[in-house]
Amino acid sequence: MSKPPLFDLGRFSIRYQVILLFFLVIVLPFLFIGYFSYSKSVQAIQDVSSIISLEMMEKNASNLDNYLDLVDRAQNDIIYSKEMQNLLSIVPDDSLAEMEIAAKLIQYSTDLSSNAHAYSIRIFPIEPSRYPSFTHSIYQNVDVEKEEWFRNAEEMKSPFWQLFLPEDNPYLYKEPILSLIKQIYGLDKSRPLGFLSADIKVSTLSDYLAPVIMMDQQQVMLIDERQTIVYHQDPTLIGTPVASSSLSEHLRKAPRKDVTISMDGAEYMVTSATLDHNGWKLVSLLPVSVLTRPVSGIEQVSFLFLFFYFALSVLTVAYLTSRFTNPIQKLVQAMRMVERGGLLPRLPQMDRRDEIGWLYHGFDNLIQRIDELVQNAEKEAKDKKELEFQVLTHQINPHFLYNTLEAIRWKAESRKADDISEMVRSLGNLLRLSLNDGREMSTVERELEHVRAYVNIQTARQDTSIRVVYLVDEEILKLPCLRLLFQPLVENAIKHGTRHAGEGEAVKIVITGRRDASLLHFEIIDNGPGIPEELRATLLSSADTALNQRKGVGLHNVHERLTIYFGERYGLRIASGERGGTVIELTHPVLEES
């Protein structure tokens, strides 16, 4: 057996086959060429921009690195100068000596800060509290010894960079200051004399980093080893940690110098260079959308062509639909309706002389012939149902009437009792309800009254006690139902119950009824011996063997009438009770009271 093809175009309608072929032949190649051209253009622009940006970044990183080295070397020269050693080696004995030393320190700091490299010098004695005049003049009585950076400087022997922000001390820092702090030792290196801070204004770094900014929306930042931003065009970001986790991860792993990452829902091209002096990162962030702006025209033209082909495909499909596929689809729907056994449709007149017109005329002639055959079959089936219904309705009445009259005769001959009149009255009521004025439909209430009359007669006829409990919802009492519905089932329960009941044991029957949406559900439950499973399977069967044995005639009668009158969905179901006995479940449709 050959395997079916992986892609069978014949499974689709003609309309979808045309759409699919149009897409495969025209739209798909156009999309591929457009995407290929666009992606290659974007890649080329990114590569060129990456090369230019990387060269500029490395050049400016080198310049900035040289500047920081220059500051570092100048700071070392100051630390080991004879004048600095002498000034910090003197310990003042009184306030006059302290004021003299303070004046020299202030003058010396001023002279050192006047240089051509845009950095300033601050001197911190190892014990600032011994120099109150100097501290007051330079730091406005700020307790430097309690500053965190000062304590770190005492603990750390190696130089370190410290970023000072205006919010740290608005008086001292008018703008962000980047300071290289070193410990000053005496020439004998026996004890520290103080600290020297080389302060660089962050705005000074823009002279080295501004040439890197070549495009709109480009961000350039300098990030230290703790991933804190020490330079950015936006002053509010200076001193804050790197906010983007993807950028932080990129810098931590030290990958390629130019990559594309996603930040805040946008794609950025990241170019970075490392400073040899302290390992800091010079980072450039450029939105990819800015890079691809020159090729946006290609994208717009591609969308215009795509829209044109889409409109062309819609017009093509509309023509094919109106001319070919719609008539064929209507014909297929009509065929499926006939296949499902639905009403035979009449197709509209078709004046076309092509193959579609021939199909319409041929199918229309076919359904007209089928319609005639169906009407004849329905008439025959209706006549058959009416005959079967009449036979099934009256097959119980003669036998029951005969037994009842015999019971009355036996009562009259055996004893003159007052209950004979009651039996005759119940019999008359029973006959009235059974005849139902010749109508096939009764109500639930009349059928229950019919059962009560029948039970009264059976109670008078037999010595066995018969108890019937009615648990039927009041809302369904007035609803129409088929006549002679419950009496044959109760008769069957009483007949088999009295046959097996012991002395003094009563026959108990419970009749329940409820409504469930469009269905009426009834149950007749007895306490008899139950019906064997092998016999239950034949009681509702229409086989001749079951009827000839005359077992379960009442059950079969009611079941057949419900099935013939309302359809296979309705009828009886026989089950065993939880504590023995038999449960007859009856399903009847909900009919309008009219």
* Output all residues satisfying salt bridge (charged side-chain N to carboxylate O under 4.0 Å, His left out) with E445, sequence neighbours left out; order by chain, then residue number. =>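 With neighbours one apart ignored, the set is K478.
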* Asked: Which pairs with one or both residues in residues 509-528 pass salt bridge (charged side-chain N to carboxylate O under 4.0 Å, His left out), sequence neighbours excluded?
  ->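 Found none.
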Say you draw a straight line from [atom1] of [X] to [atom2] of [Y]; how long is it, rounded to the nearest 0.5 Å?
{"X": "I229", "Y": "Q219", "atom1": "CD1", "atom2": "CD", "result": "8.5 Å"}
{"X": "L479", "Y": "S442", "atom1": "CG", "atom2": "OG", "result": "12.0 Å"}
{"X": "L539", "Y": "L572", "atom1": "CG", "atom2": "CG", "result": "10.5 Å"}

* Check: R452 main-chain N/O paired with N456 side-chain donor or acceptor under 3.5 Å ->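 Confirmed, N456 side chain pairs with R452 backbone.
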* **All side-chain contact (heavy atoms from CB on, under 4.5 Å) counterparts of L591, not counting sequence neighbours** =>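 Counting only residues at least two positions away or on another chain, L591 forms a side-chain contact (heavy atoms from CB on, under 4.5 Å) with M441, P480, F566, H588, P589.
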Going by side chain to side chain donor-acceptor pair (under 3.5 Å), name the residues that satisfy it together with [X], two or more places apart in sequence or in a different chain.
{"X": "R226", "value": "none"}
{"X": "S246", "value": "S244"}
{"X": "T236", "value": "D234"}

Nearest heavy-atom neighbours spanning [X] and [Y]:
{"X": "T443", "Y": "L477", "value": "CB-O, 4.0 Å"}
{"X": "T582", "Y": "I584", "value": "CG2-CD1, 3.8 Å"}
{"X": "V472", "Y": "I511", "value": "CG2-O, 4.0 Å"}
{"X": "V558", "Y": "L586", "value": "CG1-CD1, 4.1 Å"}
{"X": "L285", "Y": "M263", "value": "CD1-CE, 3.5 Å"}
{"X": "L484", "Y": "Q487", "value": "CD2-OE1, 4.3 Å"}

* For the pair E372 and R369, find out whether any cationic side-chain nitrogen is under 4.0 Å from an anionic carboxylate oxygen. =>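 Looking at E372 and R369, the cut-off is met.
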* To do: If a pair satisfies ring-ring contact (aromatic ring centres under 6.0 Å, His included) and one of its residues is in residues 519-539, list it, with sequence neighbours excluded.
  =>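 The answer is F486-F522.
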Measuring only between side-chain heavy atoms, which start at C-beta, is [X] closer than 4.5 Å to [Y]?
{"X": "L555", "Y": "I574", "answer": "yes"}
{"X": "I524", "Y": "V510", "answer": "no"}
{"X": "Q227", "Y": "S248", "answer": "yes"}
{"X": "L286", "Y": "Y268", "answer": "no"}

* Asked: Which pairs pass side-chain hydrogen bond (donor to acceptor under 3.5 Å, both in side chains) with one or both residues in residues 568-577, sequence neighbours excluded?
  ->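 Residue pairs passing side-chain hydrogen bond (donor to acceptor under 3.5 Å, both in side chains), neighbours aside: R536-S576, R573-E585.
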* Asked: After noting the C-alpha distance and the side-chain angles of N492 and L489, does the key distance pass the side-chain contact (heavy atoms from CB on, under 4.5 Å) rule?
  -> CA-CA 5 Å; N492 188 74; L489 307 181; 5.7 Å; no
